[in-house]
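Notes to accompany the following structure.
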Amino acid sequence: MLRKITTLVATAALSAFLVTGTAFASPVVIKFSHVVAENTPKGQMANKFKELVAERLAGKVEVEVFPNSQLFGDNKVLEAMLLGDVQMGAPALSKFARYTNKLQIFDLPFLFKDMAAVEKFQQSAKGQELLDSLQKRGLVGLGYLHNGLKQLSSSKPLKVPADADGLKFRIMSSDVLAAQFKAVNATPLKKPFSEVFTLLQTKAIDGQENTWSNIYSKKFFEVQPYITESNHGLLDYMVVTSKEFWLSVPEADRAVVKKCLDEAIAFGNAIAAKKSMDDRQKIIDSNRSEIITLTDAERNQWVEVMKPVWEEFEKEIGKDMIDAAYKSNM
Ligand code: SIN
């Protein structure tokens, strides 16, 4: 009896294969790993990507999304990608330092005056050139995704750089960000995103820098009494995959996956600015954290102290690149 069933199943599989050429082939699985909450621009972009791929490539390609560092944290995701344990991610641009110096440009303090300037630079020839900066390390940059400009949260009010003197700030794994905090005589500590809330809650650190949506979704505002609206730096992402995986996807399917991704990125970018403002308002409404607005004179003090960091990294990043990015403000 068992032999008969086995033969029947095998015959059905063979005839289905002969008819469709693909029946019973398992779909290509794209594990998409990220560290933020689902109700953030990146979380929503990843879910949209999954939805579009399910609509257009059902049975051929499947996307599985793992938010909140469930699968891999910041320090491991790119390594895991090169080993084939995860196929896509969108780390913050500050987290590629082990793979290229070039993306450090996005961490330079006060380089971009607003997100329109960021978009203009990323879409320019120079910005697009940076998507290829990981090629030599076996990674493919598939597109930029916005979150927004960063604010400074702290256990004490920060109005002028001298207020940060002696404080400990968590930073992403970037030497530019370390230099930025050293410039105000503070101590930078490179720590994974998943540890920030506990570090703040236990007062192991005094502050951190992040966007409104991350400060809100990860509840940093509940354990940080002050947030200075400094807009001093950028937190954006690059959606990446490994070259080995990307080339293994059949060409026609790859083109559809890329189209789904481009649309998901456009969707994420379209909601990022509104999400930023909505989450800022929710933080104000919570009355848990005071938002400090800087006067022009106070803000200029931060610019003056932090801007020399540009020169420190000019050689690694390239002056032509910095000039091009700066021009996007005009
Ligand atoms: C992220 O937005 O992906 C995390 C940012 C951070 O590590 O602060």
Audit row: Met306, Val184, side-chain contact (heavy atoms from CB on, under 4.5 Å) steps and yes/no: CA-CA 7 Å; Met306 288 182 166; Val184 296; 4.0 Å; yes
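For residues 152-203, every residue pair satisfying the ring-ring contact (aromatic ring centres under 6.0 Å, His included) rule, not counting sequence neighbours, is listed here: Phe169-Phe181, Phe193-Phe220. Pairs of residues two or more places apart, or lying in two chains, that qualify as ring-ring contact (aromatic ring centres under 6.0 Å, His included) and include a residue from residues 89-110 are Phe106-Phe121, Phe106-Tyr144. The list of ring-ring contact (aromatic ring centres under 6.0 Å, His included) pairs with a residue in residues 28-65, not counting sequence neighbours, is empty.
Side-chain atoms of Asp175 and Gln104 include no donor-acceptor pair closer than 3.5 Å.
The salt bridge (charged side-chain N to carboxylate O under 4.0 Å, His left out) search around Asp85 returns none, not counting sequence neighbours. Shown here are the side-chain hydrogen bond (donor to acceptor under 3.5 Å, both in side chains) partners of Ser230, two or more places apart in sequence or in another chain: His232. Scanning for salt bridge (charged side-chain N to carboxylate O under 4.0 Å, His left out) contacts around Asp253 gives Lys60, with sequence neighbours left out.
Inter-residue side-chain proximity for Leu130 and Met321 is flagged as met; some heavy-atom pair is nearer than 4.5 Å.
Side-chain heavy atoms closer than 4.5 Å link hydrophobic residues (I, L, V, M, F, W, Y) into clusters, and following such links, possibly through other members, connects Met277 to Leu294.
More than 12 heavy atoms of other residues, nucleotides or ligands sit less than 6.0 Å from atom NZ of Lys190. The environment of CD in Glu251 is sparse: at most 12 heavy-atom neighbours from other residues, nucleotides or ligands sit within 6.0 Å. Counting heavy atoms of neighbouring residues, nucleotides and ligands inside a 6.0 Å radius, atom NZ of Lys219 does not exceed 12 of them.
Note on Asp278 versus Lys282: no salt bridge recorded, every NZ/NE/NH1/NH2 to OD/OE distance being 4.0 Å or above.
Between Asn210 and the options Lys218, Gln151, Arg170, a side-chain contact (heavy atoms from CB on, under 4.5 Å) holds for only Arg170.
Interatomic distance, Leu200 CG to Lys168 NZ, rounded to the nearest 0.5 Å: 12.0 Å.
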